[in-house]
Amino acid sequence: MVRSTSNWKPLAACLATGLMLGVLPEPVSESIRSGLLDLARPGQQAAITVADRLTAWHPFASPTRTVNPDTEELATLRLEIRRLRLANLRLSKPADNTPTTTPTHPPLITTGLVTVRVLGRETIQAWAAGRILDHGHRLSPGSLVVEPGHSTLDLGDGNGLSKGQPAYSGRNVAGRISRVGHLTSTLQPLTDTRFRGLARLARPGQDRPVFSTQGMLEGTGDGFCRLTRVPATAAVTVGDIVYTDGRDQPDHWPMVYGTVVEAQLPDGAPHWEIRIRPAIDLDQLKQLDVLTRNLNPGRNLSRPTTTPESTSSGVLAQ
Amino acid sequence: MNPLTIVRHLMLLVLVYAALVAETTIAPALDLGGPTIRPLWIVLALVVGRCQGNSVLVYAALLGLTSDCLRGNGPLGLDLVLASAAVQLLATARPGRPARPGKPARSIATITLTTLVLTTSIETVSNLVRNTTAQLDSNWLLATLPTTLAAATADALANSALVLASLLLLRTIQQPIAKLLLPTPLTN
């Protein structure tokens with residue numbers, strides 16, 4: 001009797017495996033398929049990279065070589081982007097209005113940031129109730145400056161704070177000082193209905209924000225702000241950033257008020273109705289930086305001695 | 001296990017992965033005017049030509065499962081079964097084999113023929129079964145049978161031509177290199 005040389009057990013195992021795979025539920029089989037495709041992904045990316053390099057490598061390039069229209073269009077669009085960037089740069093330079101030389105004399109006004117802590121509600125209540133030990137300084141509860149709805153800060157006029165000074169949290173505007181006492185002061189948040197501030201809209205750019213229209217930021221009293229006086233001709237979109245506007249910013253860079261969350265232009269209205277969400281959570285504030293401005297002690301503030309020939313009246317007479 | 005065998009299996013596994021990548025990147029990009037190159041079955045033919053024993057079946061199952069996953073329609077495991085069965089039947093029905101059982105055939109003609117047979121059989125049956133599962137109509141199946149068979153044959157011919165050309169090119173390159181590496185005979 002001739003013994004068969006074929007071993008059918010492995011084949012039977014393969015057939016059984018195939019049958020088992022065939023009766024698998026759809027989600028399992030789909031996951032197996034996706035798993036295999038995921039396994040192929042690194043190789044596919046490598047193949048695409050090699051193909052791209054081979055496409056870009058033309059050692060015997062001839063003028064009659066056929067060019068892929070997509071590649072040609074891509075190159076054209078890249079050139080166009082480059083041209084527009086250059087044009088943008090050229091246009092933005094005059095708008096900067098930057099003088100070519102910097103002044104050599106020291107500035108008349110110096111700015112500084114005073115870091116203050118925000119007092120908690122329990123601390124204020126304890127002070128008002130006279131439960132805080134003053135170690136013999138005889139501080140009355142009236143020495144604490146408090147305003148309803150405003151945060152209380154732990155520095156006052158003895159530390160250079162005065163009414164109207166802006167307060168920041170990082171690069172975000174928190175509000176401005178509204179009342180100042182000897183030891184404490186209060187912060188008018190930017191969401192307060194009496195808060196006003198010059199603002200400028202900006203949309204996120206590639207390297208830096210692209211500033212556009214000016215407006216007036218006003219608090220609405222409900223935790224939000226509104227931006228008024230933005231003309232209907234301006235381009236406003238949700239997500240635009242609202243910055244401070246003015247020349248007196250610390251380090252000459254605007255601070256952030258917040259983000260546009262709603263922008264509507266009613267029919268025939270001359271201005272946009274823009275709702276702003278502040279960039280900071282005012283309830284979570286623990287410390288702030290207050291911008292102070294002082295006369296520069298390095299400048300000679302004394303009146304110069306004048307000779308009769310060089311008096312102003314003489315000049316004016318001439 | 002012989003270290004050379006391990007190296008060979010590693011190379012074959014790399015070839016399987018390369019076939020998987022080629023199936024999803026290069027093969028769809030090739031426009032041959034109808035026929036489709038199936039690198040998986042080319043690798044299977046190479047495995048049949050280079051390996052022996054149960055490892056051929058394991059490779060057939062692996063390549064079949066890969067083909068199943070890439071097709072996306074029909075039952076999973078169909079190509080696995082078909083590839084395994086085709087390889088087993090090919091091994092038993094190979095002419096001129098009884099003299100040295102288990103010895104793999106390494107000639108160019110044999111590998112080309114193996115590619116032709118494997119691709120035709122697996123593709124035809126697989127497509128027919130998948131068409132049947134998609135639409136249970138015997139008339140429709142009979143009507144599409146010639147088209148399916150013709151398409152599978154065209155694919156098989158394209159695959160075989162590619163294998164033949166590649167192996168011939170490889171041999172053409174190998175011969176001069178081998179001559180260069182041979183030591184020069186000493187002469188008077």
Check this for me: [X], atom [atom1], are more than 12 non-hydrogen atoms of other residues, nucleotides or ligands nearer than 6.0 Å?
X	atom1	answer
R277(A)	CZ	no
R229(A)	CZ	no
M20(A)	CE	no
R33(A)	CZ	yes

Would you mind reporting whether [Y] and [X] have side-chain heavy atoms less than 4.5 Å apart?
X	Y	value
L76(B)	I32(A)	yes
L70(B)	L37(A)	yes
L15(A)	L80(B)	no

For [X], is it the side chain, the backbone, both, or neither that has a heavy atom closer than 4.5 Å to a heavy atom of chain A?
X	answer
S84(B)	both
L78(B)	neither
D79(B)	neither

What's the separation between atom SG in C14(A) and atom CG in L65(B), rounded to the nearest 0.5 Å?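 Separation between the atoms: 10.5 Å.
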Which pair of heavy atoms, one from L57(B) and one from P10(A), lies closest together, and at what distance?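 So the two residues come closest at CD1-CB, 3.3 Å.
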Nearest heavy atoms of L36(A) and C69(B), plus distance in Å: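 The pair with the smallest heavy-atom distance is CD2-CB, 3.6 Å.
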Greatest number of heavy atom pairs closer than 4.5 Å to chain B - which of [options]:
options	result
G35(A), A13(A), A40(A), A16(A)	A40(A)
T17(A), L19(A), L24(A), L39(A)	L39(A)
P42(A), G43(A), S34(A)	G43(A)

Would you say the side-chain atoms of Q44(A) and T24(B) include a donor-acceptor pair closer than 3.5 Å?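 Yes.
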